[in-house]
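Before any comments, here is the structure.
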Protein chains: 2
Amino acid sequence: MKKRVAAVEDGKIRLAGGPGGEVKTASKAASKTVRKTGGSVGKTRPGGQAVRMIDVAKAANVSLMTVSRALNEPERLSKETRKLVLDTVRRIGYVPNHIASNLASARSNVVGQIVPSIQNSLYSHSIKGCADVLRGAGMQLLLADSGYSLEEEEALIDAFIAQRVCGLVLHDTVHTPRAVQLIRAAGIPIVETGDLVRAPLDMAVSYSNFNAAKEMTLYLAGRGYKSIGFVCLATRNNMRARERLKGYHAALAALGRERNPALVREVEGGLTSGAHAMVDMMQRAPEVDAIFFAGDVLAVGALFEAQRRNWKVPERVAIAGFDDLDILRHTVPRLTCLNLPRLEIGRRSAEALLQRMRNEPVEPARLDLGFEIIQREST
Amino acid sequence: MKKRVAAVEDGKIRLAGGPGGEVKTASKAASKTVRKTGGSVGKTRPGGQAVRMIDVAKAANVSLMTVSRALNEPERLSKETRKLVLDTVRRIGYVPNHIASNLASARSNVVGQIVPSIQNSLYSHSIKGCADVLRGAGMQLLLADSGYSLEEEEALIDAFIAQRVCGLVLHDTVHTPRAVQLIRAAGIPIVETGDLVRAPLDMAVSYSNFNAAKEMTLYLAGRGYKSIGFVCLATRNNMRARERLKGYHAALAALGRERNPALVREVEGGLTSGAHAMVDMMQRAPEVDAIFFAGDVLAVGALFEAQRRNWKVPERVAIAGFDDLDILRHTVPRLTCLNLPRLEIGRRSAEALLQRMRNEPVEPARLDLGFEIIQREST
DNA sequence: CTGTTAGCGCCTTCAT
DNA sequence: ATGAAGGCGCTAACAG
């Protein structure tokens, strides 16, 4: 295997292939590569026909319906027939065609989930929860991210409904009119998870961003901090951020404190962003003694910056975060934050969909999974 | 809105709902909640019939095929007919049924991806890359995680093939015999992404774990470290970890250094785990002057532990990580690591599948996307 | 350019 | 407990 050291730039050393580079393999082992070439665009059966239910039926000398029943309502068959059929299925390697099954039964076993960003670990917890419950029920998850765009969400909802998903989990709680219309027309159950909205399209499973932000602010005040800064993501197209900001303001009002614009910043997500926000705020409002970072990894970025500048946390400035990311309990000092039931939100959302699909009433239609304040050394 | 402070334990303050608690909403706003109850198990059309292509055809006074063409091969229709049909589609709110389309055309627009863990941010990059490219091509992503289990992977492959996915992206490069058989029988294109395997089932898009680990070890030696420790995940059921360990050993051999068991640890993933591994290793082999953490977030955990103990990095011990997680460039000191093209792997995998589905040859069948060594302050 | 016919693979309904 | 007929909503193939 040839090694190629291509460049050393900015501390980066490129190796083996690198962007655009393709290392062809000429070894004997590689030439053994098993490759199937057949199949035109997306063809399911490239060369040989796929095994169908009727093939199983013939091989087992029963009718097609008996095979169908062996697979879907095994208890309706006699023990012997069932065994015969299932053995045959295994023997000839039959894999049911859910596409055909869905079409014939007007039933689907696929649920769609749309999150703002697949890469954000917050959402991946809710995805995981959802996927787990669905799989337990023999269903599958169709996933996509909207990139925080309403229009993209609409397009995805359209695509998912075209795919005839039997339910939808949406993180966003704001939708385009057409998206709402599509959902209504499809008549499928929907769960919104991003915030505990007052009037969900169908069902909501979440916590209250407003309450979470408010309580954290009150908690900080309770710890004796007099001048509490607040940093969040842009509220413009983000209902969650907006609710958090409202919660912060509500807390100030409850405390009888005045709003101070110098103590509020809206920023982009990311570690760097959190660092800048902290530094900026401390310049503009030197009296600030605690900052509540109500978004993403902002708090972590701020803490790292404090380490770099040798600012003592919490003595010089206290830092609180929003989500309980894994690292928050490992930093020095450990970070105070909210613990939000992301995984559970995913699980309960899927469960709510399943319930609804079984025609069971889902109460309440708004499920508040709450939150915790995790007090650690940074405050 | 009532506030409930339920408990204060271990620094945790539970609020609003909490585990198992459900806050029912009795406000007027909540009672306005729009709810659709209809639909038996997974029914796509709960109450009213969904609009079908034939309905559009009747409304536009054309044949069903004309509607089909307006949607799928618009260029084959006259401008007027096309406009008429598409307007009608919009007017009556028709959403194509891809399920039926797939069945009739023996074509699918869904690709399946199986990763070891949805929550792991490493995989989410590859998921994102894949999802983006697919969406650009009008396709969807069916996602699931195997929990690092071969058997689970097999079950998922079965389920995905039942779903008639038109292609599969697998992170694992080791599969059960039945999984391989299922894939072969399905005759769909497959990409394996976890390692640059010698003989992929079909195609491989990745980097070489062996080379990456080897080069990093050589790089550390080049920086003057004499006693380089190696920490990775359990190699037992993890080919990637095994390859990395091999790479480390290969580097030692190339350097003419002897293997020292005290300098090698296999551990679980996680920050805590990395911290322990470092402490253990430094006790058992006090001469160690650099540790290469070849997995997950181990290096970060170790660094935090070093901060806590006031061990200078890299003076007391140098630390290098594997993946270039976002935080690595923000810690104090910043962490040296490998930069692996996770996103690009996802993108290229999807592209390879699309190519294969268009019947274009995919060369090479093993695509090496390489890696970079990012040198920072920790070494 | 547009329409007609015959299924895709399976499930629903009704019969035996 | 098992089977036969018809159709789910759409597209391929062929016709005009």
Side-chain angles (χ1 to χ4, degrees), chain A residues 39-46 49-86 88-89 92 94-109 161-164 166 186, chain B residues 40-45 49-86 88-89 92 94-109 161-164 166 186:
Chain A
S40 47
V41 187
K43 279 282 188 199
T44 300
R45 305 159 299 150
Q49 297 294 316
V51 181
R52 293 153 309 164
M53 201 176 258
I54 189 71
D55 302 319
V56 181
K58 282 172 184 163
N61 229 312
V62 294
S63 80
L64 181 149
M65 272 317 298
T66 302
V67 180
S68 174
R69 288 191 183 111
L71 262 17
N72 300 318
E73 318 165 274
E75 67 287 351
R76 275 189 56 180
L77 296 185
S78 75
K79 215 173 136 187
E80 304 81 43
T81 322
R82 191 191 319 150
K83 182 172 171 6
L84 167 67
V85 174
L86 294 180
T88 312
V89 163
I92 67 181
Y94 169 67
V95 180
N97 185 335
H98 275 177
I99 289 289
S101 163
N102 290 346
L103 180 61
S105 63
R107 205 176 284 133
S108 155
N109 65 335
I161 289 179
Q163 219 56 246
R164 292 304 187 264
C166 60
Chain B
S40 46
V41 187
K43 279 282 186 198
T44 300
R45 306 159 302 148
Q49 296 294 315
V51 181
R52 293 153 309 165
M53 201 175 258
I54 188 72
D55 302 320
V56 180
K58 283 173 183 163
N61 230 312
V62 294
S63 81
L64 183 151
M65 272 315 296
T66 301
V67 180
S68 174
R69 288 192 184 109
L71 262 16
N72 300 318
E73 317 166 272
E75 67 286 351
R76 276 190 55 183
L77 295 184
S78 76
K79 216 174 136 188
E80 303 81 43
T81 321
R82 191 192 320 150
K83 180 172 173 4
L84 167 66
V85 174
L86 294 180
T88 312
V89 163
I92 66 181
Y94 169 66
V95 180
N97 185 334
H98 275 178
I99 289 289
S101 165
N102 290 346
L103 180 62
S105 64
R107 203 177 286 132
S108 154
N109 65 334
I161 290 179
Q163 219 57 246
R164 291 305 186 266
C166 59

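Letters go in sequence order (proteins before strands), and every chain restarts at 1. The shown structure was predicted, so the numbers you read here are calculated from the model rather than taken from an experiment.
One finds the CG atom of B:Asn102 at 8.5 Å from the SG atom of B:Cys166 (value rounded to the nearest 0.5 Å). Expressed to the nearest 0.5 Å, how far CG of A:Asn109 lies from CZ of A:Arg164 amounts to 15.0 Å.
The salt bridge (Lys or Arg N to Asp or Glu O under 4.0 Å) check on A:Lys83 picks up A:Asp87, with sequence neighbours excluded. Applying the salt bridge (Lys or Arg N to Asp or Glu O under 4.0 Å) test to A:Glu73 and every residue at least two apart in sequence or in another chain returns A:Arg76. Residues passing the side chain to side chain donor-acceptor pair (under 3.5 Å) test with A:Thr81, sequence neighbours excluded: A:Ser78. A search for side chain to side chain contact (heavy atoms under 4.5 Å, CB included) contacts involving A:Ala100 returns A:Asn97, B:Leu103, not counting sequence neighbours.
One atom, CG of B:Asn61, and another, P of C:dT2, lie 13 Å apart when rounded to the nearest Å. Protein atom CZ of B:Arg82 is 14 Å distant from nucleotide atom C1' of C:dT2, rounded to whole Å. Look at CD1 on A:Ile54: it is 11 Å from C1' on C:dC10, rounded to the nearest Å. With rounding to whole Å, B:Met53 atom CE is found 20 Å from D:dG7 atom P. Taking atom CG on B:Leu64 and atom C1' on C:dT5, their separation rounds to 12 Å, with Å as the unit. Per the geometry, CG belonging to B:Asn97 stands 18 Å off P belonging to C:dC8, to the nearest Å.
Using a 4.0 Å heavy-atom cutoff across all strands shown, A:Asn72 reaches sugar-phosphate atoms only and no base atom. Residue B:Leu103 is classed as a base contact, given a heavy-atom separation below 4.0 Å to a base. Across all strands shown, A:Ile99 has no heavy atoms under 4.0 Å from either base or sugar-phosphate atoms.
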Contacts table for residues 53-65 of chain B: side-chain donor-acceptor under 3.5 angstrom, sequence neighbours left out:
residue	atom	partner	partner atom	Å
B:Asp55	OD1	B:Arg52	NH2	3.1
B:Asp55	OD2	B:Arg52	N	2.7
B:Asp55	OD2	B:Arg52	NE	3.4
B:Ser63	OG	B:Met65	N	3.4
B:Ser63	OG	B:Thr66	N	3.4
B:Ser63	OG	B:Thr66	OG1	3.3

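Side-chain atoms of A:Arg52 lie closest to C:dC10 of the nucleotides C:dT2, C:dC10, D:dC10. Set against D:dT11, C:dT12, D:dG9, the side chain of A:Arg107 has C:dT12 as its closest nucleotide. Comparing D:dT11, C:dC11, D:dC8 by their closest approach to the side chain of B:Ser105 singles out D:dT11.
Closest approach of B:Val51 to B:Tyr94, counting heavy atoms only: O-CD1, 3.3 Å.
Comparing the end axes of the helix from C:dC1-D:dG16 to C:dT16-D:dA1, each fitted to five base pairs by superposing C1' atoms of four pairs onto the next four, gives an inter-axis angle of 30° (nearest 10 degrees).
For A:Thr66, no side-chain nitrogen or oxygen approaches OP1 or OP2 of D:dT2 to under 4.0 Å. Within the 4.0 Å cut-off from OP1 or OP2 of D:dT11, at least one side-chain nitrogen or oxygen of B:Ser101 is found. Taking only side-chain nitrogens and oxygens, B:Ser63 comes nearer than 4.0 Å to OP1 or OP2 of C:dG3. Considering only side-chain N and O atoms, B:Ser78 lies under 4.0 angstrom from the phosphate OP1 or OP2 of C:dT2. For B:Thr81, a side-chain nitrogen or oxygen approaches OP1 or OP2 of C:dT2 to under 4.0 Å.
Although no hydrogens or angles enter the test, the distance criterion places no donor-acceptor pair under 3.5 Å between the side chain of A:Arg82 and the main chain of A:Ala70.
In terms of position along DNA chain C, the nucleotide closest to B:Ala104 lies nearer the 5' end than the nucleotide closest to the other residue of the pair A:Glu73 and B:Ala104.
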Protein-nucleotides 13-16 of chain D N/O pairs under 3.5 Å:
residue	atom	partner	partner atom	Å
D:dA13	N6	B:Arg69	NH2	3.4

